[in-house]
Amino acid sequence: MIGAHDTETMEGVEMNAPTMGRRQPAGRIARLAATLCVLLAAGACDYFEVTNPGPVQDKFLDDPASHAAVVNGAARALSDALNYVAYTTAAITRELFPAGSTSSFGITPRQQQGILAYDDEHVGWTSHHQARSIAENGFERFRRVLEERGGSIDDYAPAAEIALWAGYANRLLGENFCQITIDGGPPISSAEVLGRAEQWFTTALGIAQRVGNARLANAALAGRASVRVGLGDWPGADADALQVPPDFVFVMEYHDVELDQYNRIFWAGAGTPYRAHTVWNTVYQQYYLDTGDPRVPWEDTGLQGDAAVMDLGRVPFYRQLKYTERGADIRLSSGREMLLIHAEHLLRSGDWQGAIGVINGLRADVGVAPVSAADATEAWALLKRERGIELWLEGRRMHDLRRWQAENAPGALDTLEVPGEASRLSRNRTLCYDIPKTERETNPNVPLTP
């Protein structure tokens, strides 16, 4: 997890670039409020009494003292977007099984069948594009301000952070949407969006390396490796992945201060009050019983889900234990994912025995038994399963299934995660979000219906 703050000084102003994604605790909020009082010339200002001063003028965001807040704004929007994607796609891919609720923190009837409809209740992209726009426009603002003051963005640490968020925002869109539009323009492909993400990660990497911030540099390398997977650049993905330390972890942080900052997967299955999803009837139910693998923990509560599901009635409520509190973080990148990228690159290069060796190294690290394969096809099946285990409930499975399906990659999936009676998934299951209804109604460049 991100810990220390990076400090930059510009024209005598000391700026603390915050922990990536961390919304600030009460003391820091108080200090920020005090700073805003000075910036807004508000006179006597008691920051324990909050008064809405109205819209903040755009020029105040040019002040370097406000740049950390701009970085945090991008992170906050991205956390909202990831929260929905991780939960909804877990239902689509059967990382979780629906347990009744269909509204609020529930899984809608069409999503229960694996269908992501453009006009479904929980399908939107406001927070996705807010994250992308705040990050991309914030970077350009930083560039302009620095150049006006005779500086350069090339060695400005907050610029590395906000470029990193731009990369992850574009990755989230590119991995999970079939197409997107940008600022009211025509649709562009998911590959084009992943290409944008690659460029932003490259920008973040260059600045992070110049300012000597290894954590940001590793996050940029890991992010770029993951989007190069989506782009089919396996040599590039592998080269990046092998530079990331195996124990590296980079997360999106959540908090228990407000409801919209809660980890949505946890809260929707916390039992207080929601029991909207369950591990029952998923691959991970039996796998955890067989192996005790700490990456996919769950517990039998002895209860049932919120309401009837399809024609099954009420189903057992097996609570996931990967996220155990409202403020549980979600991984964005890790060194362990990088090793799986390396394993898949080996498979694609014909070295399936080497791929199994990498997989067994990861399994040994968490204390579970090794696996074996008789040929490349079996090795592919194990690689697909291992990515599901390692990246469980992180909002990454749908893109994996989509890219493997598109190229007809060898290796079978478990019957509980493919369309059919066992999984209760429709043969029409969708593996990407469509451009939502709200965008179609306001953008003349997009048809009103798919």
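Worth saying up front: this structure is predicted, and the values here are computed from it rather than measured.
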**Student:** Any side-chain to backbone donor/acceptor pair from D120 onto L116? Under 3.5 Å, distance only.
**Tutor:**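 Flag not set: sc D120 to bb L116 has no pair under 3.5 Å.
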
**Student:** Is a side-chain N or O of S66 found less than 3.5 angstrom from the main chain of L61, in a donor-acceptor match?
**Tutor:** yes

**Student:** Drop me the distance from D256's CG to W267's CH2, to the nearest 0.5 angstrom.
**Tutor:** 10.0 Å

**Student:** Against V358, only a single residue in L339, L383, L347 fulfils side-chain contact (heavy atoms from CB on, under 4.5 Å); can you say which?
**Tutor:** L339

**Student:** Could you tell me whether E192 and R196 make a salt bridge, using a distance below 4.0 angstrom between a side-chain N and a carboxylate O?
**Tutor:**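 Salt bridge absent between E192 and R196.
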
**Student:** Could you check whether any side-chain heavy atom of R363 comes within less than 4.5 Å of a side-chain heavy atom of R295, counting everything from C-beta outward?
**Tutor:** yes

**Student:** Taking Y433 as the fixed residue, which of Y118, W125, F177, Y84 is the one that meets the ring-ring contact (aromatic ring centres under 6.0 Å, His included) rule?
**Tutor:**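 Per the ring-ring contact (aromatic ring centres under 6.0 Å, His included) rule, the option paired with Y433 is F177, out of Y118, W125, F177, Y84.
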
**Student:** Looking at CZ of R210 and CG of L205, how far apart are the two atoms once the value is rounded to the nearest 0.5 Å?
**Tutor:**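 Nearest 0.5 Å value for the CZ-CG distance: 9.0 Å.
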
**Student:** Looking at F105, is R264 sitting on its ring face, NZ or CZ under 6.0 Å from the six-membered ring centre and within 45 degrees of the normal?
**Tutor:** yes

**Student:** Under 3.5 Å, side chain of S226 to main-chain N/O of G223, donor-acceptor pair present?
**Tutor:** yes

**Student:** Taking R440 as the fixed residue, which of D119, T449, T181, D434 is the one that meets the side-chain hydrogen bond (donor to acceptor under 3.5 Å, both in side chains) rule?
**Tutor:**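 One option only clears the test, and that one is D434.
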
**Student:** Are the charged groups of D62 and R144 less than 4.0 angstrom apart, N to O?
**Tutor:**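 A salt bridge links D62 with R144.
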
**Student:** Please give me the minimum heavy-atom distance between A208 and A160, naming the atom from each residue.
**Tutor:** N-CB, 3.9 Å

**Student:** Give a yes or no answer on whether the side chain of H277 reaches the backbone of I265 with a donor-acceptor pair at less than 3.5 Å.
**Tutor:**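 At least one qualifying donor-acceptor pair exists.
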
**Student:** Quickly, which of R171, R224, R228 forms a salt bridge (charged side-chain N to carboxylate O under 4.0 Å, His left out) with E198? Name it, please.
**Tutor:** R228

**Student:** If every non-hydrogen atom of W200 is compared with every non-hydrogen atom of N170, which pair is closest and at what distance?
**Tutor:** CD1-ND2, 3.7 Å

**Student:** Does L164 reach the side chain of F250, with side-chain heavy atoms less than 4.5 Å apart?
**Tutor:**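 A side-chain contact exists here, since the closest heavy-atom pair is under 4.5 Å.
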
**Student:** Would you name the heavy atoms of L332 and R396 that are closest together and state the gap between them?
**Tutor:** O-NH1, 3.7 Å

**Student:** Measuring only between side-chain heavy atoms, which start at C-beta, is L425 closer than 4.5 Å to V418?
**Tutor:**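 The answer is no, as the side chains (C-beta and beyond) never meet within the 4.5 Å cut-off.
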
**Student:** Roughly how far, to the nearest 0.5 Å, is CZ of R403 from CG of L231?
**Tutor:** 11.5 Å

**Student:** Look only at the side chain of N443 and the backbone of P186, and say whether a donor-acceptor pair between them is shorter than 3.5 Å.
**Tutor:**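 No; zero donor-acceptor contacts below 3.5 Å.
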
**Student:** Could you go through the ring pair (Phe, Tyr, Trp, His ring centres under 6.0 Å) check for Y87 and Y323 one step at a time?
**Tutor:** CA-CA 12 Å; Y87 182 23; Y323 305 123; over 10 Å; no

**Student:** Are side-chain N/O atoms of N213 and E161 paired as donor and acceptor at under 3.5 Å?
**Tutor:** no

**Student:** Indicate yes or no for a side-chain donor-acceptor contact from N83 to the backbone of Y262 under 3.5 Å, with no hydrogens or angles considered.
**Tutor:**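 Present.
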
**Student:** Distance check, rounded to the nearest 0.5 Å: I182 atom CD1 versus I188 atom CD1?
**Tutor:**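 Rounded to the nearest 0.5 Å, the CD1-CD1 separation comes out at 4.0 Å.
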
**Student:** Rounded to the nearest 0.5 Å, what separation is found between the CZ atom of R402 and the OG1 atom of T430?
**Tutor:**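 Result: 10.5 Å between the selected atoms.
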
**Student:** With a 4.5 Å limit on heavy-atom distance, are the side chains of V279 and W392 in contact?
**Tutor:**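 SC-SC contact between V279 and W392 confirmed.
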
**Student:** Does the pair E417/R385 count as a salt bridge with the N-to-O cut at 4.0 Å?
**Tutor:** no

**Student:** Side chains of R348 and H345: donor-acceptor distance under 3.5 Å anywhere?
**Tutor:** no

**Student:** May I ask you to say whether E95 pairs ionically with R397, meaning some side-chain N is under 4.0 Å from a carboxylate O?
**Tutor:**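 Salt bridge: no.
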
**Student:** Could you tell me whether E337 and R331 have a side-chain N and a carboxylate O separated by less than 4.0 Å?
**Tutor:** no

**Student:** Counting only N and O atoms by type, is there a donor-acceptor contact under 3.5 Å from the side chain of K384 to the main-chain atoms of L401?
**Tutor:** no

**Student:** Between atom OG of S79 and atom CG of N263, what is the distance when rounded to the nearest 0.5 Å?
**Tutor:**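 Rounded to the nearest 0.5 Å, the OG-CG separation comes to 10.5 Å.
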
**Student:** Between the side chain of S349 and the main-chain N/O of D351, is any donor-acceptor distance below 3.5 Å?
**Tutor:**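 Not a single qualifying donor-acceptor pair exists.
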
**Student:** Counting N and O atoms only, with roles assigned by atom type, does the side chain of Q320 sit under 3.5 Å from a partner on the main chain of K322, one being a donor and the other an acceptor?
**Tutor:**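 Such a contact is found between Q320 side chain and K322 backbone.
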
**Student:** Which atom names give the shortest non-hydrogen contact between S101 and A276, and what distance separates them?
**Tutor:**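 S101 and A276 have their closest heavy atoms at CB-CB, 3.8 Å.
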
**Student:** With distance as the sole test, does D238 use its side chain to make a donor-acceptor pair with the main-chain N or O of I341 at under 3.5 Å?
**Tutor:** no

**Student:** For residues I389 and V296, report the shortest heavy-atom separation together with the two atoms involved.
**Tutor:** O-CG1, 3.9 Å

